[in-house]
Amino acid sequence: MASSQPQYSPKQLAEALCVSESSVKRWCDRGAVPTIRTLGGHRRVTLDGLHQFLKQTGRELSNPGVLGLPNLSLLSRRHVPGSDDSVHSAFREALALGMEATCRRILQERITSGWSATEAAEKLITDAMCGIGDAWTCDQLDIYQERRGCDIALRLVNELRASLPPIDPGAPVAIGGAPAGDPYQLPTALVELALRQVGWQAMSLGNNVPLESFQQATHDCDPQLVWLSVSSISDPIVFVAQVNEFAERLGENVPLLVGGRALDDTIRPQLRYTAHCDSVKHLIDLAALMKSKLKRDIATS
């Protein structure tokens, strides 16, 4: 919706395009620039309207920083795949360019428009990192850009985590992480964010954690939920054996949730687990139900 998008004045567009403000106003009045009006009658151009104008006219922003946007021409020969949505595209390209402040602003604008912290992280950060990862794999981006994007994304997720309301000290405990051989930090951080959003005392153990350490953490923290975020598997046979042994040691009283892009249809049927989550939304819905059940069980015990 237009009200939830960034909106720019003719003066801002003029500075970004390096043209006169009167020219921009004339284009707006002619319909060349899709324009909305404020309650006071002032012209405003949404991000979608700006993208439409640039696409139709073949123009480029000479000074995109005025609008808080990345210099898209820098990536014109380096395609970063992902959602066609203009906000997603702006976030993805800003992350590829290392424009942390722009990424933070776009995230906050989405949250202000009504998205939850987890929804903003999943829709924007996950889309961007998948696209950057694919672009790096196809030699469209350098490895430093992928690593830098990971670091920025992780900082943003941690900031979103810190912005959540305090967790009830009596809330159920959840622990989890990425097992040994999995180098990805971001997916398990997103799981932690999602669980904390629905009121769990969730703690990510990080990435590349041996399952023996998961077992020790389970003993030390006495959780009511354990998760495994699996984005990479080096040896499927060893992985399946270790996870199944870990699940057996957990027993039936501690649910084990698993998820991640590495758990394909050949690996997943071999594993022992309580539930498989194929999206963060699925995880949130399931975790909310489990938390409600725990609360009822405590009330009736």
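- Neither side chain, Ser86 nor Ser89, offers a donor N or O lying under 3.5 Å from an acceptor on the other.
- Between Leu225 and Trp200, the closest side-chain pair of non-hydrogen atoms falls below 4.5 Å.
- Thr188 and Trp227 are linked by a side-chain donor-acceptor pair at a separation below 3.5 angstrom, with hydrogens and angles left out of the test.
- Inspection of the Arg261 and Tyr184 side chains reveals an N or O donor paired with an N or O acceptor under 3.5 Å.
- You'll find the side chain of Gln7 reaches within 4.5 Å of the side chain of Ile36, heavy atoms only.
- Smallest separation of non-hydrogen atoms from Leu141 and Ala96: CD1-CB, 4.2 Å.
- For Asp127 against Gly82, the heavy-atom pair with the smallest separation is OD1-CA, 3.5 Å.
- Rounded to the nearest 0.5 Å, atoms NE2 (His219) and CG (Asp222) are 9.0 Å apart.
- The structure places SG of Cys221 at 9.5 Å from CD of Gln216, a figure rounded to the nearest 0.5 Å.
- For the pair Ser204 and Val191, the minimum side-chain heavy-atom distance is 4.5 Å or more.
- The pair Lys281-Asp285 meets the salt-bridge criterion, with a side-chain N (NZ, NE, NH1 or NH2) lying under 4.0 Å from an Asp/Glu carboxylate O.
- The side-chain heavy atoms of Asp235 and Phe239, taken from C-beta on, include no pair separated by under 4.5 Å.
- Here the side chains of Cys150 and Met129 are in contact, with some heavy-atom distance below 4.5 Å.
- For Ser22 and Ser20, the side-chain atoms include at least one donor-acceptor pair closer than 3.5 Å.
- In summary, the side chains of Thr46 and Asp48 do not present any donor paired with an acceptor at a separation below 3.5 Å, with no hydrogens or angles considered.
- Arg44 places no side-chain N or O within donor-acceptor distance of the main-chain N or O of Arg37, the cut-off being under 3.5 Å.
- Within the model, atoms CD1 of Ile284 and CD of Gln197 stand 5.0 Å from one another, a figure rounded to the nearest 0.5 Å.
- In this structure, Leu228 and Leu257 have side chains that are not in contact, with every pair of non-hydrogen atoms separated by 4.5 Å or more.
- Crowding of Asp84 atom CG: a count of heavy atoms from other residues, nucleotides or ligands under 6.0 Å not exceeding 12.
- Between the OG atom of Ser231 and the CG atom of Leu186 there is a distance of 8.5 Å, given to the nearest 0.5 Å.
- Rounding to the nearest 0.5 Å gives a distance of 5.0 Å between CG of Leu61 and CG of Leu54.
- Under a 4.0 Å N-O distance rule, the pair Glu192/Arg196 does not qualify as a salt bridge.
- The distance from the CZ atom of Phe91 to the CG atom of Asp85 is 12.5 Å, given to the nearest 0.5 Å.
- A salt bridge links Glu100 and Arg104; the closest N-O separation between the charged side-chain nitrogens and carboxylate oxygens is under 4.0 Å.
- Looking at Thr35, Val45, Thr57, Val19 one by one, the single match for side-chain contact (heavy atoms from CB on, under 4.5 Å) with Trp27 turns out to be Val19.
- With hydrogens and angles ignored, the 3.5 Å screen pairs no side-chain donor or acceptor of Asp142 with any backbone N or O of Gln145.
- Taking the ring axis of Trp115 as reference, the NZ or CZ atom of Lys123 stays within 45° of it and closer than 6.0 Å to the ring centre.
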